[in-house]
> 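What follows is a single structure, and I will ask about it in a moment.
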Amino acid sequence: MKYPNLLSASVLLAFILGGCASQETVKPKAEETAKTTAAPAKAVVAEKQLSEQDRLRSQRNTYFAFDSSSISEEARTLIMAHAQYLAATPNTTVTLDGHADERGSREYNLRLGERRAQAVAKQMQAMGVAGNRITTNSYGEEKPVCVEHDEACWQKNRRVEIIYR
């Protein structure tokens, strides 16, 4: 040991200071204990909900099944998080860009992209977002995020992008 006297002195000091402490302990009332334990628990739950909302809002694409503009339950949860954000920030507007995969004619895919964007807009409006804060566009198959010719890639292209302005 490099410093035996220092260690001994530290232990002795801790022992002396511990012996000088008052032996009287005050037990908190049951209701005070309940309040102090409930408050952090509520804060943890609120923090988890907030972080879940943040996680959802960081996702800016809702995805659709082949040849469909129906909103899935998963997409509904995502749209709700964005609608809540829009409700909390009244000066923010949003653009919804509808997309389709490469299958189908150009005209059909433009209409499908528009139906998808409109479906998300209607969902947001049902959740309290004013229609004048939402703009929709359709790009059909024109702006793919994936260019492979398989189902996994097509699934990524069947989307509505949520863009804040």
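Quick note: numbers below take in every heavy atom, side chains included, and nothing from hydrogens, waters or symmetry partners.
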> Using the side chain to side chain contact (heavy atoms under 4.5 Å, CB included) rule, pick out the option among Leu96, Asp97, Asn61, Asn137 that qualifies with Val160.
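Checked Leu96, Asp97, Asn61, Asn137 against Val160; only one passes side chain to side chain contact (heavy atoms under 4.5 Å, CB included): Leu96.
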> Taking Arg159 for the side chain and Gly98 for the main chain, is one N or O donor matched with an acceptor at less than 3.5 Å?
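Checking the backbone N and O of Gly98 against the side chain of Arg159, no donor-acceptor pair under 3.5 Å is found.
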> Which value, rounded to the nearest 0.5 Å, describes the distance between Glu161 atom CD and Lys143 atom NZ?
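It is 8.0 Å, given to the nearest 0.5 Å.
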> Take Met124 and Met80 through the test side-chain contact (heavy atoms from CB on, under 4.5 Å) and record every step on the way to the result.
CA-CA 7 Å; Met124 285 184 166; Met80 181 180 296; over 6 Å; no
> Can you pull the salt bridge (Lys or Arg N to Asp or Glu O under 4.0 Å) pairs that have at least one residue in residues 119-141, sequence neighbours excluded?
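Of all non-adjacent pairs touching residues 119-141, none passes salt bridge (Lys or Arg N to Asp or Glu O under 4.0 Å).
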> Check for a donor-acceptor pair, side chain of Ser68 on one end and backbone N or O of Ser70 on the other, with a separation under 3.5 Å.
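Between the backbone of Ser70 and the side chain of Ser68 there is a qualifying donor-acceptor contact (under 3.5 Å).
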> Does Tyr85 have any ring-ring contact (aromatic ring centres under 6.0 Å, His included) partners at least two apart in sequence or in another chain, and if so, which?
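Listed in chain order: Tyr164.
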> Scan for ring pair (Phe, Tyr, Trp, His ring centres under 6.0 Å) pairs involving residues 102-134, sequence neighbours excluded, and state none if there are none.
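The answer is none; no pair qualifies.
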> For the residue pair Thr62 and Arg116, confirm or rule out a side-chain donor-acceptor distance under 3.5 Å.
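On atom types as modelled, these side chains do not qualify, holding no pair under 3.5 Å.
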> Given the rule in the side-chain contact (heavy atoms from CB on, under 4.5 Å) test, do Val147 and Cys153 qualify, once you have shown the distances and angles that lead to the verdict?
CA-CA 7 Å; Val147 294; Cys153 188; 5.6 Å; no
> Residues two or more places apart in sequence or in another chain: which of them pass side chain to side chain contact (heavy atoms under 4.5 Å, CB included) with Glu114?
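If we apply the side chain to side chain contact (heavy atoms under 4.5 Å, CB included) test to Glu114, skipping adjacent residues, the hits are Gln118, Thr136, Ser138.
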> What residue among Ile79, Val94, Leu78 forms side chain to side chain contact (heavy atoms under 4.5 Å, CB included) with Val120?
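Among Ile79, Val94, Leu78, the one that satisfies the side chain to side chain contact (heavy atoms under 4.5 Å, CB included) with Val120 is Ile79.
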> Should Gln123 and His82 count as side-chain neighbours, where that means a heavy-atom distance under 4.5 Å?
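No; the side chains remain at least 4.5 Å from each other.
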> Before giving the answer on side-chain contact (heavy atoms from CB on, under 4.5 Å), spell out for Val145 and Asn157 the whole-Å C-alpha distance, their side-chain angles and the decisive distance to 0.1 Å.
CA-CA 6 Å; Val145 292; Asn157 292 330; 3.3 Å; yes
> Kindly work out whether a path of hydrophobic side-chain contacts (I/L/V/M/F/W/Y, heavy atoms less than 4.5 Å apart) joins Leu112 to Ile162.
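Different clusters: Leu112 never reaches Ile162 through Ile, Leu, Val, Met, Phe, Trp or Tyr contacts under 4.5 Å.
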> Charged N to carboxylate O under 4.0 angstrom, Arg106 versus Glu142?
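Yes, charged N to carboxylate O under 4.0 Å.
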> Hey, is CD on Glu74 packed in by over 12 heavy atoms from elsewhere, all under 6.0 Å?
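Check fails, neighbour count at 12 or below.
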> Is Ser72 reaching over with its side chain to a backbone N or O of Ala75, donor-acceptor style, under 3.5 angstrom?
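Judged by distance alone, yes, a pair lies under 3.5 Å.
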> To the closest 0.5 Å, what do you measure between OG (Ser69) and CZ (Phe64)?
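The distance works out to 7.0 Å.
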> According to the ring pair (Phe, Tyr, Trp, His ring centres under 6.0 Å) rule, which pairs have a member within residues 132-162, sequence neighbours left out?
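Counting only pairs at least two positions apart or across chains, the ring pair (Phe, Tyr, Trp, His ring centres under 6.0 Å) contacts touching residues 132-162 are His99-Tyr139.
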> Applying side chain to side chain contact (heavy atoms under 4.5 Å, CB included), name anything that partners Gln155, two or more places apart in sequence or on another chain.
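Only Tyr63, Glu151, Arg158 meet the side chain to side chain contact (heavy atoms under 4.5 Å, CB included) criterion with Gln155.
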> Using only heavy-atom distances, determine whether the side chains of Thr95 and Arg165 contain a donor-acceptor pair under 3.5 Å.
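Side chains of Thr95 and Arg165: pair found under 3.5 Å.
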